[in-house]
K.L.:
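Please find one structure pasted underneath; my questions will follow.
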Amino acid sequence: MLETLVCVLVVVIYLIASVFNADGQSAEKNDQLDQMDDGMGNVITDGEHMTRAEAEDAQARGELYDTYY
């Protein structure tokens, strides 16, 4: 009984920690796109103009790692 309770508590703590960690990462990614926003919903990065959705997809693929305006 005690082992089951401990296992459940460990799983719950792990899930809570992963939720907080994911929020920090997504906020950090949004900050990068916000800095490259042109003010009209588009993103300018590496001299290339793209929509916000295209930029989010490129960021998810890891293509916006080192960027400049």
Side-chain angles (χ1 to χ4, degrees):
M1 179 70 180
L2 182 61
E3 291 176 9
T4 305
L5 179 64
V6 170
C7 289
V8 169
L9 285 175
V10 168
V11 170
V12 168
I13 291 171
Y14 175 76
L15 291 174
I16 291 172
S18 66
V19 166
F20 284 118
N21 189 24
D23 286 344
Q25 290 174 351
S26 64
E28 187 175 298
K29 288 182 179 181
N30 287 338
D31 288 344
Q32 181 188 25
L33 293 180
D34 288 342
Q35 291 175 357
M36 295 181 287
D37 193 349
D38 68 353
M40 297 184 344
N42 297 319
V43 175
I44 303 170
T45 177
D46 298 334
E48 184 178 334
H49 296 262
M50 60 181 78
T51 65
R52 180 75 178 212
E54 290 173 331
E56 289 173 353
D57 291 342
Q59 188 179 49
R61 292 189 303 265
E63 296 175 1
L64 297 181
Y65 182 72
D66 292 324
T67 59
Y68 56 92
Y69 303 108

K.L.:
Who passes side-chain contact (heavy atoms from CB on, under 4.5 Å) against Glu48, sequence neighbours left out?
P.N.:
Met50
K.L.:
State, yes or no, whether a side-chain contact exists between Leu9 and Leu5 at a heavy-atom distance under 4.5 Å.
P.N.:
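They are in side-chain contact.
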K.L.:
Which Ile, Leu, Val, Met, Phe, Trp or Tyr residues join Ile13 in one cluster when any pair of side-chain heavy atoms under 4.5 Å counts as a link?
P.N.:
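Other cluster members: none.
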K.L.:
Taking atom CG of Leu33 and atom CD of Glu56, what is their separation to the nearest 0.5 Å?
P.N.:
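Result: 6.0 Å between the selected atoms.
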K.L.:
Residues in side-chain contact (heavy atoms from CB on, under 4.5 Å) with Asn42, at least two apart?
P.N.:
Asp38, Thr51
K.L.:
Are any of the side-chain heavy atoms of Ile44 and Met36 separated by less than 4.5 Å?
P.N.:
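With C-beta onward as the side chain, the pair stays apart.
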K.L.:
Does a side-chain heavy-atom distance below 4.5 Å link Glu54 with Val43?
P.N.:
no
K.L.:
Quick one: side-chain contact (heavy atoms from CB on, under 4.5 Å) partners of Val10, sequence neighbours excluded?
P.N.:
Val6
